[in-house]
Amino acid sequence: MAEILVLFYSRKGATAELARQICRGIESVPHAQARLRTVPPLTTVVEPPQAPVPNDGPPYATAEDLIQCDGLILGSPTRFGNMAAPLKHFIDGTSALWVSGAMAGKPAAVFTSTQTMHGGQESTLITMMLPLLHHGMYIVGLPYTEAALNHTKSGGTPYGASHVAGSSTQPRLTDEERTLAQLLGKRVAELATKIAPRSNT
Ligand SMILES: Cc1cc2nc3c(=O)[nH]c(=O)nc-3n(C[C@H](O)[C@H](O)[C@H](O)COP(=O)(O)O)c2cc1C
């Protein structure tokens, strides 16, 4: 089995909903399975270590999750046109994996949620790719051959999956956002099964 790590941060649930749809796409690929992980929130107060498992949602990610995965799909809400600090903090702790090349040659992709249509989806997605490129990963996007990418009036970009949340407190993806999130998971999983069936070797 090729295992794809879907690693995300979500405060209000929109990015979490994209993550679930990406997992569905991954699990539609034979010999591929999803591992869903999140990162703890950050505060300006130094707090005692977080419990290893949050009160709800998926477990917190560890370096072992990154080492064991055959592909990585990284998600974050947009914060001032960039990824959220808790996810960046986690990535900044992966120097040892960068030194060892543990992530090199694995496929990767990114996803985000914004409040507004032009609130920085592209800038967030592209800047989220940069640490993945430093890690030597193959970046996977979304193709315009997919009708949903041409027709969407909300989220979904060639750079990765996305959602425009607006002021809604209940994340509700459009059909195109859902289709494209699933497709992103499927594309990473298909590539991972072709290039890196690590757990089979
Ligand atoms: C500090 C902060 C900065 C934000 N910056 C942006 C932004 O630059 N553009 C935007 O459209 N939305 C911005 N938002 C809104 C979130 O990106 C949006 O509500 C997103 O859907 C939340 O995802 P979540 O439900 O996964 O937490 C910001 C929110 C916060 C708290």
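Whatever order the structure lists ligands and atoms in, that order sets their numbers, starting from 1. Only this structure's heavy atoms are used, side chains among them; waters, hydrogens and symmetry mates stay out.
- Heavy-atom contacts of Thr114 reach the following atoms of ligand 1: 10 (C), 11 (O), 17 (O), 18 (C), 21 (O) (cutoff under 4.0 Å).
- In this comparison of Thr124, Thr15, Thr78, the heavy atom closest to atom 14 (N) of ligand 1 sits on Thr78.
- With hydrogens and angles left out, the side-chain atoms of Ser162 and Thr157 include no donor and acceptor closer than 3.5 Å.
- With no hydrogens or angles considered, no side-chain donor-acceptor pair links Ser154 and His163 at under 3.5 Å.
- Taking every heavy atom of Lys12 and a limit of under 4.0 angstrom, the matching atoms of ligand 1 come to 19 (O), 24 (P), 25 (O), 27 (O).
- Looking at heavy atoms from C-beta onward, Leu87 lies in side-chain contact with Leu7 at the 4.5 angstrom threshold.
- Counting heavy atoms from C-beta outward, Val110 and Leu132 have side chains that approach closer than 4.5 Å.
- Polar contact with ligand 1: absent for Ala16 (N/O pair, distance under 3.5 Å).
- One finds a salt bridge joining Glu190 and Lys186 here, because a Lys/Arg side-chain nitrogen approaches an Asp/Glu carboxylate oxygen to under 4.0 Å.
- When each atom of ligand 1 is checked for a heavy atom of Arg11 under 4.0 Å away, the hits are 24 (P), 26 (O), 27 (O).
- The heavy atom nearest to atom 21 (O) of ligand 1, out of those in Ala19, Ser167, Ser113, is found in Ser113.
- Residue Gly81 approaches ligand 1 through these ligand atoms, each under 4.0 Å from one of its heavy atoms: 8 (O).
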Run the side-chain donor-acceptor check on residues 16-25: report pairs under 3.5 Å with partners two or more places apart or on a different chain.
| residue | atom | partner | partner atom | Å |
| --- | --- | --- | --- | --- |
| Glu17 | OE1 | Arg20 | NE | 3.1 |
| Glu17 | OE1 | Arg20 | NH2 | 3.1 |
| Glu17 | OE2 | Gln21 | NE2 | 3.0 |
| Gln21 | OE1 | Gln182 | NE2 | 2.7 |

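- Of the polar atoms of Ala165, none of the N or O atoms is found under 3.5 Å from an N or O of ligand 1, judged by distance alone.
- Residues Ile4 and Ile73 have side chains in contact (heavy-atom distance under 4.5 Å, counting atoms from C-beta outward).
- Atoms of ligand 1 lying under 4.0 Å from at least one heavy atom of Ser10, given by number and element, are 24 (P), 25 (O), 26 (O), 27 (O).
- In terms of N/O distances under 3.5 Å, ligand 1 is not approached by Pro77.
- Considering backbone and side-chain atoms alike, Gly120 places every N or O at 3.5 Å or more from each N or O of ligand 1.
- Checked by atom type, the side-chain pair Thr124/Thr78 shows a donor-acceptor distance below 3.5 Å.
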